[in-house]
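Contents: one structure, followed by commentary.
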Amino acid sequence: MKFSNGVKDGLPIGLGYFAVSFSFGIAGSKLLSWPLVTFISMTNLTSAGQFAGLQIMADAAGTFIEMAIATFFINLRYSLMAISLSQKVAPNFGTFKRLLLATGITDEIYALAVSRTEPVTARYFAGLMVLPYIGWSSGTLCGSVCGEILPAIVTNALGVALYGMFVAIVVPQMKAHRPTLIAVLIAIACSLAFKYVPALSGVTVGFAIIICALVASLIGAALFPVKDESEGEA
Amino acid sequence: MIATQDYVVFLLVMAGVTYLLRAVPFVLLKGKLKSRFWRSFLAYVPYTVLAAMTVPAIFYATENKLSGACALVTAVLASLLGLGLVGVAAVACVTVLGVDGLMMLL
């Protein structure tokens, strides 16, 4: 598989990423100048992780260790995908190429790469990540610039887009898979408790998200083990 | 606004952890994760994380709680009706614009 095949296959992902990262840019512009927001996207390439990271930066009590732990758990699924992808790559996809292209392991790029029947070559994978990377970075750039210019009523509305997309990822899985429904409801109940129960309100945003996700996922895994390695699509 | 110095450390931590999570297993591990429990755990993580990040934060993302709450409801309905990522996001945006606009007029 050639580089150009990858570029072509990556186009729809790139377009989707532009839209998602536009709202990340909007959200980021409330806290940081546009070059700083854009640089987060250029170095991370992860939606949920960056968004949680932004919430921790925005929290006056947020700490570096909290950032490390939150990023670790939220992005832990990439390790699973990396393991899975390493079974599918062509023999000449060596260590150096892996180090160079590892950043391309996102939910969507991974899903597309492993769904191919042929082994994944380094050229194809590099091609696959080009447009998503450009889309993600340029979307953030446009969003953060617009966030500085547009009036609050418009940016508030656009800022909700990211939550809308989270809903669009979670709800279909809740509908299709009852254990996910239960795990998600546990996570929401836990998250509400951290916000509204006075005794718990001292916990910072990042740790609250970590604890909620850990508790709900551990309960889910203990009560309803999944059949195969069905990965998430966040 | 946060201090540039803090931003740099936050960014390094974030980007470093994310990169290592991807690169280390990709380079080192060739086998399949054997534990069904941990595979299950990892399968649930994306959804529980997104849910915990959305509720209750969405209530505080807009001018008033009402528009955020309405956006959550319409987004869930739109998703149940089969709309995709961009469609659901658009419904949420329009809801906030409508509710906030209405509140300004009242």
Side-chain angles (χ1 to χ4, degrees), chain A residues 16 19 36 40 43-44 46 48-49 52-53 57 64 67-68 71-72 74-75 77-80 82-83 86 95 98-99 102 105 153 156-161 163-171 173 180 183-184 187-188 191-192 195 209 212-213 216-218 220-221 225-226 229-230 232 234, chain B residues 1-2 7 9-11 13-15 17-19 21-27 29-30 32-33 36-58 61-63 68 71-72 75-76 79-80 83-86 88-93 96-97 100-101:
Chain A
L36 298 187
I40 295 178
T43 52
N44 281 268
T46 163
M57 283 192 208
F64 301 134
M67 177 68 97
T71 306
F72 180 83
I74 293 169
N75 290 340
R77 65 186 190 284
Y78 293 138
S79 293
L80 193 73
I83 296 167
S86 71
T95 300
R98 290 188 190 203
L99 286 172
I105 302 172
I153 183 164
N156 278 336
L158 289 172
V160 167
Y163 294 113
M165 283 182 227
F166 290 167
V167 168
I169 290 166
V170 175
V171 167
Q173 185 69 12
T180 303
V184 165
I188 290 174
S191 180
L192 289 171
K195 182 78 188 178
I209 293 170
C212 294
S217 302
L218 286 173
V226 294
E229 74 270 39
S230 53
Chain B
M1 288 285 161
I2 67 165
Y7 165 84
V9 182
F10 273 130
L11 183 82
V13 169
M14 219 169 137
V17 171
T18 304
Y19 178 74
L21 282 171
R22 283 166 166 155
V24 171
F26 195 35
V27 169
L29 295 174
K30 313 276 174 183
K32 196 176 162 184
L33 202 62
R36 195 178 168 202
F37 178 81
W38 290 113
R39 275 196 282 122
S40 305
F41 170 76
L42 287 171
Y44 286 115
V45 163
Y47 303 106
T48 54
V49 164
L50 293 181
M53 282 197 330
T54 304
V55 184
I58 191 170
T62 58
E63 284 298 314
L72 179 62
V76 169
S79 182
L80 285 174
L83 258 69
L85 282 189
V86 177
V88 173
V91 166
C93 292
V96 170
L97 212 56
D100 279 350

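Every chain is numbered from 1 and lettered A, B, ... according to where its sequence line falls, protein lines coming before strand lines. Since we're looking at a predicted model, the values are computed, not measured.
- With a 4.5 Å cut-off on side-chain heavy atoms, B/Thr62 and A/Val160 count as touching.
- The CD atom of A/Gln173 sits 4.0 Å away from atom OH of B/Tyr47, with the distance rounded to the nearest 0.5 Å.
- Inter-residue side-chain proximity for A/Asn44 and B/Leu11 is flagged as met; some heavy-atom pair is nearer than 4.5 Å.
- Closest approach of B/Met14 and A/Thr71 over heavy atoms only: O-CG2, 3.6 Å.
- No donor-acceptor pair under 3.5 Å is formed between the side chain of B/Tyr44 and the backbone N or O of A/Ala213.
- Counting heavy atoms from C-beta outward, A/Thr46 and B/Arg22 have side chains that approach closer than 4.5 Å.
- Proximity of a side-chain donor or acceptor of B/Tyr7 to a complementary backbone N or O of A/Leu36 within less than 3.5 Å is detected.
- When all heavy atoms of A/Ile169 and B/Leu50 are compared, the pair lying nearest together is CG2-CD1, 3.8 Å.
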| request: Take A/Leu99 and B/Tyr19, measure what side-chain contact (heavy atoms from CB on, under 4.5 Å) needs, and give me the verdict at the end. | output: CA-CA 9 Å; A/Leu99 286 172; B/Tyr19 178 74; 3.7 Å; yes
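- Heavy atoms only, all atoms of each residue included: A/Ile153 and B/Gly101 are closest at CD1-N, 4.0 Å.
- The OG1 atom of B/Thr18 lies 9.5 Å from the CD1 atom of A/Ile74; values are rounded to the nearest 0.5 Å.
- The backbone N or O of B/Ala23 lies less than 3.5 Å from no partner atom in the side chain of A/Arg98, so there is not a single donor-acceptor pair.
- Proximity of a side-chain donor or acceptor of A/Ser191 to a complementary backbone N or O of B/Ala52 within less than 3.5 Å is detected.
- Per-residue heavy-atom pair counts under 4.5 Å with chain A were compared for B/Pro56, B/Ala92, B/Ala75, and the maximum is reached by B/Pro56.
- Closest non-hydrogen pair, A/Ala68 versus B/Val17, comes out as O-CG1, 4.1 Å.
- Considering only heavy atoms from C-beta on, B/Phe41 stays 4.5 Å or farther from A/Val226 through its side chain.
- The backbone N or O of B/Phe26 sits nowhere less than 3.5 Å from a side-chain atom of A/Ser86 that would complete a donor-acceptor pair.
- Counting heavy atoms from C-beta on, the side chains of B/Phe37 and A/Leu218 come closer than 4.5 Å.
- Heavy atoms of B/Ala90 lying under 4.5 Å from chain A are absent altogether.
- Residue B/Cys93 comes nearest to A/Ala161 through the heavy atom pair SG-CB, 3.6 Å, listed as atom of the first residue, atom of the second, then distance.
- B/Leu72 places none of its side-chain heavy atoms less than 4.5 Å from the side chain of A/Tyr163.
- Between A/Val184 and B/Ala51 the shortest heavy-atom distance is CG1-CB, 3.6 Å.
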